[in-house]
Each structure stands twice: as structure tokens, then as C-alpha cells.
S.K.: 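Handing you a structure now.
The chain is numbered in sequence order, starting from 1. Both counts, for ligands and for their atoms, begin at 1 and track the order of listing. Side-chain atoms are counted along with the backbone in the values below, which use heavy atoms only and exclude waters and symmetry mates.
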Amino acid sequence: MSKYIKKAKRVLLGNRRDGYTLPTNNKLYPAQWNWDSAFIALGYSYFNLNFALEEINTLLKGQWKDGMVPHILFHDKNTNYYPNYSVWNCGNRISSSGITQPPIMTSILKKIIDKNKLNKKQKLKVIKIIKDLKKYHEWFIKFRDPNKSGLVSILHPWESGYDNSPLWDIPMNKVKLEKNLKYKRGDIKVVNPKYRPLDIDYDRYVTIKNFLKKNKYNTKKIYKLSLFNVVDIGFNSIFLKANKDLLILLKQFKLNFSNIKKYIGLTEHKIIKLYNHKNNTFICNDIKNRKKIRIPSITNYFLLYADLNNELINKKIIKSLKNYNKNEKYIFSSIRPNHQSFEEKRYWRGPVWINCNWIIYQGLKNKDKLFSEFVKQRTIKMIEKKGFHEYYSCKTGRSMGAKNFSWSAALYLDLVLNKI
Ligand code: DGY
């Protein structure tokens, strides 16, 4: 095992740039990504606490004035990535994208604080980070849930992090493409196009992005008018857990917490309605088209990670999770393999992702010890056998996408070294 620990650290350090870390060094993602940075910070916290805090700090340097933390920060402008900084044409202090990503950073920060003793300088840094993260959470509540429903919307599939998931097929099929779209993808020059989203997906991503840009990323306007507006279970589960963790941190550091506490109550009540326990299905809401989305995605099971105060429902969800991949050698496929939309090799339409396994494992830990250990050990073994890749086939374990993938290395470190 120590051989792999060394390798994992090497991956992170090899991808590290000036205060931030690339998701991989193979030119596929030549920038800083929001939720990647969170997982990466957790990895660093096992051998360099200052690198961990710096990773988070650098991301927050790109926070917008209204509180939004972008999904990408373009520290290096000279890259072949599409869409690059000039195409987004926005940012505060650092050029960025104009959308966000799953706000898992607060929960990661709490984990880092829980297992490390901070010196005075680090403590001051952490207080500043908590205040910035609170602003980020308040931005979500204010602008992504303007009707105070308890659930926040995403306005672009890229905001979910699971870009081409079949979850978005219904709303994406409704997006009317912009005429005369002109752009050049960089991703398929680096990775086999069979593993990446289709051109039609990109046409829609770019159409939505252009629409947001045309509206100058005006938060109120784009919530109402966006070509894509979905309430997703996975995303809201991450946000609920993050709000719960934020509340603990705010209390711990004696900061004001009343608005966050109120919102947690509201979300807890509403999110449960996205699970139909009679027929054991999960529902995401396509707000834009007033449609229900029912896709067996592993991200639905992030509901376990939200730590709902409902033992009966948690038990039912775990039972269903145990059947999710019961015929596969490698767990968990991003989409249940017997579903018509499943594709073994295409990005978020089937492959196994380490961050999903990690989130599910966190959700299981305090609910089903035995099963959580099973998930953890299977994930560790797969990484040790197949390497620190971006994603893997659930059928053969074959590694795909980018190699030297930072979050696979970082989360491996947490899986093998975390003793709490
Ligand atoms: C990509 O470029 O594939 C990213 O996932 C977008 O965030």
C-alpha cells in the first residue's frame, strides 16, 4: 500500500502549479476546477496542510463579488482548452467561467480541520475561508433558489460536474441550438472521442453558455430565462451536507449562522420528496420544462451523504444501492447498467468515478458499516490495480479518460489514510 501512497502524492505534486493543482497533466483540463480543488485539498491535507489551505485559498481568490465561486479559474491563458477565458469573458480578479460547480468545499474543509491541529496563522486563514464559503452558500440560497423552495437549481449541465449524464437528456433535447455556432473542441484531440460527450452535447453546452454570456451572467435574469434549469438530487444533497457542515464550522468559530440553519430545515423537508419510496425511484425536476426526470444515476444516492434524519428512508435507499451494480465486477457505474442510456465508456453515461464512490462511502459510514467497508475496499483495490485514472469501466475495470488524475489520487489517500 505504501507504494501507492507515494504514487498518489507524486500525482498531486506533479499536477501542482502556482498555488493550485490541475485535474490532470495531460492537457485535457489546463486550469483550476472548483470541486476538483476540494478533493485535491483533502489529499494534500495528509502530507502538507499548507498546500491544502493554499489550494482552497487560490480558488476563493476567484470568487465573484456577489459570492459565486466559478467552476473554472483560468490562471494560465495560453492553453488549447475550449471554452477558454476569452470565450467566457468574465471573472473577478482571475479570469473564470461564468457558472459554478457542486459546493463540496465546505465539507472538505471541515474534514481537514477535524483531523489537523491548526497553528495561529492557519487558523486565521481558515476563518477567512469560512467567511468566504458562507458568502458562497448565501449566493446559492439567494440566486439559485429565489422562491425559497429549499432546493437550488443548476443552470448548465457543467454545473453538476457530471456533464453528459443521461439525467440531462430531457432538458438538453429541448435546447434550441444557436444558429451558426462556431467553435473548436480541444478535448477530443487529447482523449478518445468515444469516451467524451458527443458534438451535439457540445453544441448545446455552447448554446447555453453563449446565452448566459449574452445576459452578462446577470443572476436574476439567468435564473428566470436560462435554457436549462434543473433541481438535481445529487447536487442538492451535496449542498445540504455542506450547509450542515458550515453550520458546525460557524458555531465552532463563533460566526453568525441563523440564515443557514433555517435553510437546512427547509431543504431537509423538501429533498426527501425527491425520493419515491413506494416504487423506489428518484426524481429530479426539470424546472424549465416542468418535467420529472427519472434516471437511475449513482448521483441520486448522494442522498445518503446528505445524512437525512430518516432511518427508514436511508435503509430503503441502501437496500436499493446494494442491487444497483450487483452483476458488475467494479462499482459504482455512473448509470445503472441495465438502463437504456447506459454506455460503458462514455464519460458520465456509465463509467465508474472515484469521487462518486467516495461520496457514497461517506454517506454509508454512519449507516451501514459493513457495506461502507465493502465499497471502500473495492474502490481502493480498483485504483491499485488500474491506476489513478479519470474513470473506469464497471465491466472490466479498464481505465479511461485522463491519466494521473488528481482527485483519484487525492481520494485514494483519504480512503487509505483516514482513521476517523
Ligand atoms: C470539461 O471540459 O469536460 C469539463 O468537465 C467542463 O467542466
S.K.: Can you tell if the side chain of Val87 reaches within under 4.5 Å of the side chain of Lys209, non-hydrogen atoms only?
M.R.: yes
S.K.: With sequence neighbours excluded, what pairs up with Tyr81 under the ring pair (Phe, Tyr, Trp, His ring centres under 6.0 Å) test?
M.R.: Trp33
S.K.: Would you call Leu198 and Arg204 a side-chain contact if the rule is heavy atoms closer than 4.5 Å?
M.R.: no
S.K.: For Lys220, check salt bridge (charged side-chain N to carboxylate O under 4.0 Å, His left out) against everything at least two apart and list the hits.
M.R.: none
S.K.: Going by the rule side chain to side chain donor-acceptor pair (under 3.5 Å), which residues pair with Trp358 if we only count those two or more places apart in sequence or in a different chain?
M.R.: Asp414
S.K.: Contact residues of ligand 1 with a heavy-atom cut-off of under 4.0 Å?
M.R.: Tyr29, Trp33, His71, Tyr81, Trp158, Asp163, Arg196, Tyr202, Tyr347
S.K.: Does the side chain of Asn26 reach to within under 4.5 Å of the side chain of Val190, using non-hydrogen atoms?
M.R.: yes
